[in-house]
There are 2 protein chains.
Amino acid sequence: MSDARRRPPSSTDVAALAGVSQKTVSRVLNGEPYVSEEVRERVLAAARELGYRRNTAARALHLGRFHRIGVASIGSSLYGPSSLLVALERQAREIGYAFAVAYAGEGAGVMSAVESLLAQGVDAIVVSDPIDGSQELRIDADVPVLSFRPIPGPRVVVTGVSGVEAGRQATEHLLGLGHASVWHVAGPHRWPAARDRARGWREALAAAGAPEPPAQEGDWSPASGYAAGRVLAADPRVTAVFAANDDMAIGVLRALAEAGRAVPEEVSVVGMDDIPAAAYLSPPLTTIRQDFEAIARHGLALLAAEIERSPGEPALGDLPAHLVVRRSTAPPAKP
Amino acid sequence: MSDARRRPPSSTDVAALAGVSQKTVSRVLNGEPYVSEEVRERVLAAARELGYRRNTAARALHLGRFHRIGVASIGSSLYGPSSLLVALERQAREIGYAFAVAYAGEGAGVMSAVESLLAQGVDAIVVSDPIDGSQELRIDADVPVLSFRPIPGPRVVVTGVSGVEAGRQATEHLLGLGHASVWHVAGPHRWPAARDRARGWREALAAAGAPEPPAQEGDWSPASGYAAGRVLAADPRVTAVFAANDDMAIGVLRALAEAGRAVPEEVSVVGMDDIPAAAYLSPPLTTIRQDFEAIARHGLALLAAEIERSPGEPALGDLPAHLVVRRSTAPPAKP
DNA sequence: GTGAAAGCGCTAACAC
DNA sequence: GTGTTAGCGCTTTCAC
């Protein structure tokens, strides 16, 4: 209504309107004690009337805290990372933190995203997947960092995700079905998540005394899965494949279909992520599902504890992953 | 190295170390003129030595600007929204803005996300898809808002996205192939994007004088596409389907496969989004691809102009969408 | 119960 | 070219 709408109302304006001191407004807004009910009402009414909103910059300046968590995420619309992002935001808001995101572009690497977060002011940083272009990632800032992999740095807290466990589960499922060995289409080696899944696969193979075929390396994309799939389809010994994500599994499925190798009759395929489409592929894909909500909840709890410098519960072991069996896996054909 | 590392270094600390006034430090850091080269060097060296970083809270307090853009996004890992998010972040950083995200959960709706952004302090808000639980969305805040749909509010800038155009292109492609009509699996009616695509479909049908079959409404998920697909598969008149996104198209494909209706021989299917997996489905999916980079670039340019209150270029028409023809579409079978 | 005064780290006048 | 001063809006002592 007023035409002098250039500067948003301050707590001083609210105080003036309510006929109290500015400090009293502050007390009311922060729910501090020692304010009479009547004054409280008046202040609240004045604030509402003015459309008052706390100035977070002033607050942050004084407190030295931003109440903001920054996430350095992989700049992609991959299902895993974006699901994790959603879960992290929900949890952050839940525990009273705003949420900033910086994507690590292909070239730039994670460090540039971290720099950008630090520059804008955050109380803590989550490194969603600590890959970096070339050199070893290391975060020297004085803010707590949550990583899902051990990385060097003064205030890094780590929580386990289920990569290794997931790789193991997928492989054991296939081995349990009677396959002599399991082939692997891995994610890019630069990604810790990819290395974890491959490790789980390798460990399960070793534990079962199965031979370890060479892994194909993809880049998470269906196209790369397709390329790997063509190689595997041409090899008659291949009867079971574990792809490190569902997108690559889709490519594998396609290559197998084109080569006339029936799934699951001739070749079984397991993916990972349980993307919404997984249940509707031809055939519906057996896959591994991670609990991103649980990961986010636990990770941010750890981080919040570190921000407050409270004791901080010890890191848990790996967070759960579940095998979802559908129709892309079956026992091998009897020769 | 010092053990008194509780308060991060301020520009005063830098000034003391460099032996200049605090204001000079400010000048150097902001690249203002009238600083001798020698002093500039000294200040920069001191800043580096101390690991100095500008306190954005103090800066924002003084400037009354946060240099931060907030995005209220749909809390989901849907390919479209998350691709847009990535593009928006890249552009925001490009033009010097930090990036905050708040997801609108299923229940809460967009307004709660907007509130959360306003509370943390942003210079502008992007409403990625202005759906709201029940009531009409309306943003009364005094910050500029970028929306891809006209919504009421004092400082809303709008840019077109290609929903209508995309729906039209998909439908025309199918009609051009010789199909008598085109069935539609729409997104949730609450979503403007879904309504746009349906409108494009409807308009193209009308323009060609083709009958308009009832649309099936899905929720973007493969599961809902599958449900719609079962209905369509049972109707022998259906020879061409346009699904409002690729995920639902996947469900349609699955339903068709289970019903023994060959794609594209008996039924043609077009999706929308061009998810990475689209080219590797069985059959590879004809779809519509949006240029999210262009949308983000143009939208944020508009928004930045409004933040600066500069004239602001007029909104363009719809941004481009491209038909990507693959193997899921073909002329109808000759009866 | 409430108010006055100081100061967080920065930038914008305005001197020198 | 460089320094001084004031003040952004809030919270924190400390009076009253």
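Letters A, B, ... are given to chains in the order of the sequence lines, protein chains preceding strands, and every chain is numbered from 1.
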With side chain to side chain contact (heavy atoms under 4.5 Å, CB included) as the test, would you mind laying out the steps for A:Y103 and A:I74 before giving the verdict?
-> CA-CA 5 Å; A:Y103 288 104; A:I74 298 307; over 6 Å; no
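- Rounding to the nearest 0.5 Å gives a distance of 7.5 Å between CG of B:L88 and OG of B:S128.
- Over its length, the helix from C:dG1-D:dC16 to C:dC16-D:dG1 turns its helix axis by 30°, as judged from the five terminal pairs at each end, rounded to 10°.
- From A:I125, atom CD1 reaches atom OG of A:S147 across 11.5 Å, with rounding to the nearest 0.5 Å.
- A:S36 contributes atom OG, which lies 5.0 Å from atom CD of A:E38 (distance to the nearest 0.5 angstrom).
- Looking at A:Q91 and A:H298, their side chains never come closer than 4.5 Å, going by heavy atoms from C-beta outward.
- Across residues 57-65 of chain B, B:L61, B:H62 each have a non-hydrogen atom less than 4.0 Å from an atom of DNA chain D (numbered order).
- With sequence neighbours left out, A:R54 forms a salt bridge (Lys or Arg N to Asp or Glu O under 4.0 Å) with no residue at all.
- Listed by residue number, A:V20, A:S21, A:K23, A:T24, A:R27 are the residues of residues 12-29 of chain A with a heavy-atom contact under 4.0 Å to DNA chain C.
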For the pair B:L300 and B:R90, evaluate side chain to side chain contact (heavy atoms under 4.5 Å, CB included) and give the outcome as yes or no after the intermediate values.
-> CA-CA 10 Å; B:L300 287 195; B:R90 191 204 311 284; over 6 Å; no
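- Checking side-chain atoms of B:D123 against main-chain N and O of B:I69 turns up no donor-acceptor pair under 3.5 Å.
- Taking the six-membered ring where tryptophan is involved, the planes of B:F292 and B:Y79 are perpendicular, since the angle between them exceeds 60° and thus also 30°.
- Using a 3.5 Å distance cut-off with no hydrogens or angles, the side chains of B:Q22 and B:T12 do not pair a donor with an acceptor.
- Chain B approaches DNA chain C within less than 4.0 angstrom (heavy atoms of the protein), and the contacting nucleotides run 5' to 3' from C:dG9 to C:dA12.
- Counting to the nearest Å, the C1' atom of D:dT2 and the CD atom of B:E37 are 16 Å from each other.
- The distance from the OH atom of B:Y52 to the CG atom of B:L29 is 5.5 Å, given to the nearest 0.5 Å.
- Residues A:V43 and A:A18 share a closest heavy-atom pair of CA-CB, 4.1 Å.
- Residue A:Y52 places at least one side-chain N or O closer than 4.0 Å to OP1 or OP2 of D:dC10.
- Counting only distance, with no hydrogens or angles, the side chain of A:R155 and the backbone of A:E306 share a donor-acceptor pair below 3.5 Å.
- Distance CZ/A:R297 to CD1/A:I95: 11.5 Å, rounded to 0.5 Å.
- Between A:L50 atom CG and D:dG9 atom P there is a gap of 13 Å when expressed in whole angstrom units.
- The phosphate of D:dC8 (OP1 or OP2) has no side-chain N or O of A:N55 nearer than 4.0 angstrom.
- A heavy atom closer than 4.0 Å to some atom of DNA chain C occurs in A:V39, these being the qualifying members of residues 38-49 of chain A.
- To the nearest 0.5 Å, atom CG of residue B:L84 and atom CD of residue B:E293 are 9.5 Å apart.
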